[in-house]
There are 2 protein chains.
Amino acid sequence: MIAGALDTLAPPQLVRERAFEEVRDAIIAGRIAPGARLIERELCAALGISRASVREMIRRLEAERLVSVEPRKGPTVMALTRKDAAEIYEVRALLEALLIERFTAVASGDEIAHLERIFAQVRAAAATDAVSEIVALMLRFNDHLVDVVRHDVARDLLRQLNARINFLRIRAMAKPGRIAASLEEIGAILDAVRGRDGARAGALMKASVEHARDAALEQLATQDTDRPSGKRRGSAASRRPTDHQGSR
Amino acid sequence: MIAGALDTLAPPQLVRERAFEEVRDAIIAGRIAPGARLIERELCAALGISRASVREMIRRLEAERLVSVEPRKGPTVMALTRKDAAEIYEVRALLEALLIERFTAVASGDEIAHLERIFAQVRAAAATDAVSEIVALMLRFNDHLVDVVRHDVARDLLRQLNARINFLRIRAMAKPGRIAASLEEIGAILDAVRGRDGARAGALMKASVEHARDAALEQLATQDTDRPSGKRRGSAASRRPTDHQGSR
DNA sequence: TGCGCAATCTTGTCTGACAAGGAGACAAAA
DNA sequence: TTTTGTCTCCTTGTCAGACAAGATTGCGCA
């Protein structure tokens, strides 16, 4: 039996896939500003691919709500409204609570130890104030939960939601005191996990994400204009041209 | 000032949009069998559109998990595994509980009355055993909740999840006794809503969806093969050709 | 019966084309 | 000066056709 000794071969990367990942990453990292238009020609030139492939990629960005497309106007990078952000955090709270609760019920000692190892990395990153590093590690924390719990649906949904708020999470985490609060909350969650108290771990997780939401909304409060209501256009970022320089 | 007197015009229906809706409806209604391959050329012919449009539509079906695409093999209609179904119901339970709880907190008397009117329609349909009618009305029940609560994120996610399990819901609802049980549960939920007891309404909703899940899984238990594991192909439906006859 | 190879499909990608909707510039009219 | 009409340019939506390379299938052969 060879199974286990070899990894399955990575399927040949399709042009449209790589293009999607490239643009998605640029959007969630904020390298393309919210509100910026994505013009097919420019994408073709920047990525070196044909319009057909660009358009297929855009359909996917659209379905994942990373861009919004108005017919005959083309896609613009989605600008997160305050309301969207609040809703995403709410759903995240539910899903992550579910995951940690399940995890507490089914994880082996090793798996819990691995979770704690990730937490240690988060703390290490926190010591250096590497904010986006911290957020990235917290995503790995999540990944471990879904890996263990094997909840594909929750994983997909969280991936989608996290992509939309990634930038906001980083901004929120940069708030003074936020890192320390986060660490403490996660510590408490891990205590509950160690004590195999799933209900408690779930409740703590839910509360933790809701705190994160509050911090994020405060960040947004200063300069966000709730609903992009009808007529008004050109709110700062939206007329800036797309910015591809960051991508290889 | 004219604003407010007029509604914004509906955007012109794009070919790719109509095609998407057509195929999506065929899939969720089961007119195209799970596992069936969707061949581009056949879709072009059946829908009377070009390959480019077909391919853009497929990207969206893919993102919504209605088809799964393997590179260079093309899309096949997603076959719901037992595990997927269980997970979808779990997330649905969380989201719908959230919605009914919010609804209970914010709904006006009129809005509650409208919910009860929809429930009356469900009961009417139940009297005639029109199973798919019942499920459709229950979706409208949901729609009313999200309309009132205005939770766009939850609405999107539920729409996506419901599309994937629609067919299963219908099958589960056909089980003897299931309709009566459902009606009773919804009745209890409405009582809680009327009494403005959000926590109770949420808990009842969660339990109700979980009951539905159990019924659905029983339906699936009889003939489902959990994971489509690697090599094995051609499990009954998957070699059946696509079936477009139902669509205009 | 089982295997290997060639013929046939099918997908992935590119190119080029064209109609029609949107946006901005500019001139004419009130 | 503000409003309206017109023109031009840009961009999207859609189509047709082409071709390489990976998948399938069926057939002949052992």
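Just so it is clear: chains get the letters A, B, ... in the order the sequence lines come, proteins before strands, and each one is counted from 1. Below, all heavy atoms of this structure are taken into account, side chains as well, without hydrogens, waters or symmetry copies. Because the structure is a prediction, the values reported are computed rather than measured.
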What pairs with [X] under side-chain contact (heavy atoms from CB on, under 4.5 Å), at least two apart in sequence or on another chain?
X: B:Ala216; answer: B:Tyr89, B:Leu168, B:Ala172
X: B:Ala163; answer: B:Ile28, B:Leu66
X: B:Ala130; answer: B:Thr128, B:Glu133
X: A:Ala107; answer: A:Phe103, A:Glu111, A:Ile112, A:Val148, A:Arg196

How long is the line joining [atom1] of [X] and [atom2] of [N], in whole Å?
X: B:Arg55; N: D:dA18; atom1: CZ; atom2: P; value: 18 Å
X: B:Glu70; N: D:dT24; atom1: CD; atom2: P; value: 9 Å
X: A:Glu42; N: D:dT11; atom1: CD; atom2: C1'; value: 11 Å
X: B:Ile39; N: C:dT11; atom1: CD1; atom2: C1'; value: 11 Å
X: B:Leu38; N: C:dT10; atom1: CG; atom2: P; value: 13 Å
X: A:Arg18; N: C:dG12; atom1: CZ; atom2: P; value: 14 Å
X: A:Gln13; N: D:dG22; atom1: CD; atom2: C1'; value: 16 Å
X: A:Phe20; N: C:dG12; atom1: CZ; atom2: P; value: 16 Å

Q. So, the side chain of B:Asn162 versus the backbone of B:Leu158: is there a donor-acceptor pair under 3.5 Å, distance only?
A. yes
**Q.** Under-4.0 Å side-chain N/O to phosphate OP1/OP2 contact, A:Arg16 with C:dG12
**A.** yes
Q: Let me know, please, whether A:Glu17 or A:Lys73 comes out on the 5' side of the other along DNA chain C by nearest nucleotide.
A: A:Glu17
(Q) Applying salt bridge (Lys or Arg N to Asp or Glu O under 4.0 Å) as the test, list every pair that has at least one member in residues 153-165 of chain A; sequence neighbours left out. (A) A:Asp152-A:Arg155, A:Asp156-B:Arg65
Q.
Strictly under 4.0 angstrom, non-hydrogen atoms only: write out the protein contact profile of nucleotides 14-21 of chain C, one letter per nucleotide from the 5' end, B, S or -.
A. BB-B---S
Q.
Can you identify which nucleotide, out of D:dG13, C:dG12, C:dT10, has its nearest atom closest to the A:Glu40 side chain?
A. D:dG13
**Q.** A:Ile58 to A:Val67 - nearest heavy-atom pair and separation
**A.** O-CG2, 4.4 Å
